[in-house]
Amino acid sequence: MDLKISTLGGEDAGKVKLSEEIFGLDPREDILQRVVRWQLAKKQQGTHKIKGRAEIARTGAKMYKQKGTGRARHSSARAPQFRGGGKAHGPVVRSHEHDLPKKVRALGLKLALSAKAKASNLIIIDDLAITEAKTKALVASFAKLGLTNALVIGGAELDVNFKRAASNIPNIDVLPIQGINVYDILRRGTLVLSKAAVEALEERFK
């Protein structure tokens, strides 16, 4: 698969041949859903917590006598049915992580890249570097490329000026190649890869 390379100014900078094994697969929603669910589960803090009846600071005295009142037999005001009592089966601090095979994760990334390529939402930039960290100039460059909602993936080291300028632009995410992931690819409209990122991906899946 051949795709043209552009500069940040929107000019033509040649072509690059993309691997069909990475960018030419037929997207599978089931695999993508599994990977996104795995990612979001890993991100979940799991710090939600509520007190059970054993943790409530409340008197342990019997509420009222056992017999003769005509009411139900209760022994503790900490029971869940009473106001101020403990919660039954409430959330506890735990990890929401679950396992996902490495091969499924790798396939999910390939499918996400292929989905962007198939939808013509993939742009290759020759070099993600600017001389000054000026957001206004970068916004103008993105306008030439038609980028309003995009994930930009650079090489192993991001240009400091580019990263700073892009950090002020809404709906634009910038990540080094190590941070590429299925969720961020799918949540943005366009995927922008640098030449270095394409080379790193092909090396990774060789």
Side-chain angles (χ1 to χ4, degrees), residues 1-25 27 31-32 35-36 38-40 42-45 102 105-206:
M1 176 194 300
D2 288 331
L3 204 67
K4 79 166 189 174
I5 304 173
S6 301
T7 64
L8 272 175
E11 299 167 3
D12 197 352
K15 286 192 174 183
V16 64
K17 188 172 181 64
L18 301 178
S19 170
E20 290 288 338
E21 293 179 5
I22 303 172
F23 295 92
L25 302 177
I31 298 291
L32 293 173
V35 178
V36 169
W38 171 77
Q39 272 190 248
L40 295 181
K42 276 189 73 176
K43 283 176 67 176
Q44 204 166 340
Q45 286 186 326
K102 283 184 180 178
R105 286 182 253 162
L107 179 58
L109 182 54
K110 290 179 185 177
L111 292 169
L113 294 167
S114 297
K116 290 297 180 187
K118 193 167 187 178
S120 301
N121 288 328
L122 177 63
I123 295 175
I124 310 295
I125 302 291
D126 63 342
D127 189 24
L128 297 174
I130 52 178
T131 53
E132 287 185 293
K134 297 288 186 184
T135 299
K136 188 175 180 180
L138 192 57
V139 168
S141 296
F142 284 168
K144 290 176 185 175
L145 294 166
L147 298 179
T148 54
N149 187 305
L151 171 65
V152 183
I153 303 291
E157 294 290 332
L158 291 173
D159 179 65
V160 177
N161 289 337
F162 182 87
K163 188 177 179 181
R164 283 179 182 163
S167 66
N168 297 321
I169 306 174
N171 301 320
I172 299 290
D173 296 331
V174 180
L175 292 173
I177 187 62
Q178 304 94 306
I180 192 169
N181 64 87
V182 173
Y183 177 67
D184 282 329
I185 290 173
L186 297 180
R187 72 190 283 265
R188 292 298 178 204
T190 307
L191 176 63
V192 179
L193 298 176
S194 68
K195 274 177 68 178
V198 173
E199 290 165 7
L201 282 169
E202 295 191 344
E203 182 67 27
R204 176 174 171 177
F205 291 120
K206 190 179 287 183

Visitor: Please list, chain by chain and in numerical order, all residues satisfying salt bridge (charged side-chain N to carboxylate O under 4.0 Å, His left out) with Arg187, sequence neighbours excluded.
Guide: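 Expected list: Asp173, Asp184.
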
Visitor: Please determine whether side chain to side chain contact (heavy atoms under 4.5 Å, CB included) holds for the pair Ile180 and Leu109, giving the CA-CA distance in whole Å, both sets of side-chain angles, and the decisive distance to 0.1 Å.
Guide: CA-CA 8 Å; Ile180 192 169; Leu109 182 54; 4.1 Å; yes

Visitor: List the atom of Ala117, the atom of Phe23, and the distance in Å for their closest heavy-atom pair.
Guide: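 Looking at all heavy atoms of both residues, the shortest contact is CB-O, 3.6 Å.
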
Visitor: With sequence neighbours left out, what residues match Glu203 under side chain to side chain donor-acceptor pair (under 3.5 Å)?
Guide: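 Per chain and number, Glu203 pairs via side chain to side chain donor-acceptor pair (under 3.5 Å) with Lys206.
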
Visitor: Below 4.5 Å, heavy atoms only, C-beta onward: do Thr148 and Asn171 meet side chain to side chain?
Guide: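 Sidechains of Asn171 and Thr148: no contact.
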
Visitor: To check you understand the geometry: which heavy-atom pair defines the closest contact between Val174 and Ala166, and what is its length?
Guide: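 Scanning both residues, the minimum pair turns out to be CG2-CB, 3.5 Å.
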
Visitor: How many angstroms lie between atom NZ of Lys110 and atom CD of Glu20, to the nearest 0.5 angstrom?
Guide: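 Separation between the atoms: 12.5 Å.
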
Visitor: So, do Val152 and Phe162 sit near enough that their side-chain heavy atoms are less than 4.5 Å apart?
Guide: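 Side chain of Val152 against side chain of Phe162, heavy atoms only: contact under 4.5 Å found.
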
Visitor: Is there side-chain contact between Ile5 and Leu3, with heavy atoms separated by less than 4.5 Å?
Guide: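 They are not in contact (no side-chain heavy atoms under 4.5 Å apart), so the answer is no.
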
Visitor: Ignoring hydrogens, what is the shortest heavy-atom contact between Gly108 and Val35? Give both atom names and the distance.
Guide: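 That closest heavy-atom pairing would be CA-CG2, 3.9 Å.
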
Visitor: Quick one, Asn149 and Thr190 - any side-chain contact, counting heavy atoms below 4.5 Å?
Guide: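 Sidechains of Thr190 and Asn149: no contact.
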
Visitor: Can you sort out the partners of Gln39 under side chain to side chain donor-acceptor pair (under 3.5 Å), two or more places apart, ordered by chain and number?
Guide: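 Checked Gln39 against side chain to side chain donor-acceptor pair (under 3.5 Å); matches are Asn181.
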
Visitor: Could you report the tightest heavy-atom contact between Ala150 and Val192, atom names first, then the distance?
Guide: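 Closest pair (atom of Ala150, atom of Val192, distance): CB-CG2, 4.3 Å.
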
Visitor: Does anything in residues 113-122 pair up under salt bridge (Lys or Arg N to Asp or Glu O under 4.0 Å), and if so which pairs, sequence neighbours excluded?
Guide: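 Output for this query lists Asp26-Lys118.
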
Visitor: Only counting residues at least two apart or in another chain, list the ones meeting side-chain contact (heavy atoms from CB on, under 4.5 Å) with Ser19.
Guide: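 Checked Ser19 against side-chain contact (heavy atoms from CB on, under 4.5 Å); matches are Glu21, Ile22, Glu202.
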
Visitor: Compare every heavy atom of Ser114 with every heavy atom of Leu25, then report the nearest pair and how far apart it is.
Guide: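 Looking at all heavy atoms of both residues, the closest pair is N-OG, 3.1 Å.
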
Visitor: So, taking the atom named CG in Leu193 and the one named CD1 in Ile177, what distance separates them when rounded to the nearest 0.5 Å?
Guide: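 Leu193 atom CG to Ile177 atom CD1 measures 7.0 Å (nearest 0.5 Å).
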
Visitor: What donor-acceptor contacts under 3.5 angstrom involve side-chain atoms of residues 194-201, with partners at least two apart or in another chain?
Guide:
{"residue": "Ser194", "atom": "OG", "partner": "Ala197", "partner atom": "N", "Å": "3.1"}

Visitor: Quick one: CZ on Phe205 to CG on Leu107, what's the gap to the nearest 0.5 Å?
Guide: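 Between atom CZ of Phe205 and atom CG of Leu107 there are 9.0 Å.
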
Visitor: Heavy-atom count check: over 12 atoms from other residues, nucleotides or ligands less than 6.0 Å from Gln178 CD?
Guide: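 Atom CD in Gln178 is packed in, count exceeds 12.
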
Visitor: Arg164: what forms a salt bridge (charged side-chain N to carboxylate O under 4.0 Å, His left out) with it, not counting sequence neighbours?
Guide: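 None.
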
Visitor: Report all side-chain donor-acceptor pairs from residues 121-142 shorter than 3.5 Å, counting only partners two or more places apart or in another chain.
Guide:
{"residue": "Thr135", "atom": "OG1", "partner": "Ala165", "partner atom": "O", "Å": "3.0"}
{"residue": "Thr135", "atom": "OG1", "partner": "Asn168", "partner atom": "ND2", "Å": "3.1"}
{"residue": "Ser141", "atom": "OG", "partner": "Ala137", "partner atom": "O", "Å": "3.2"}

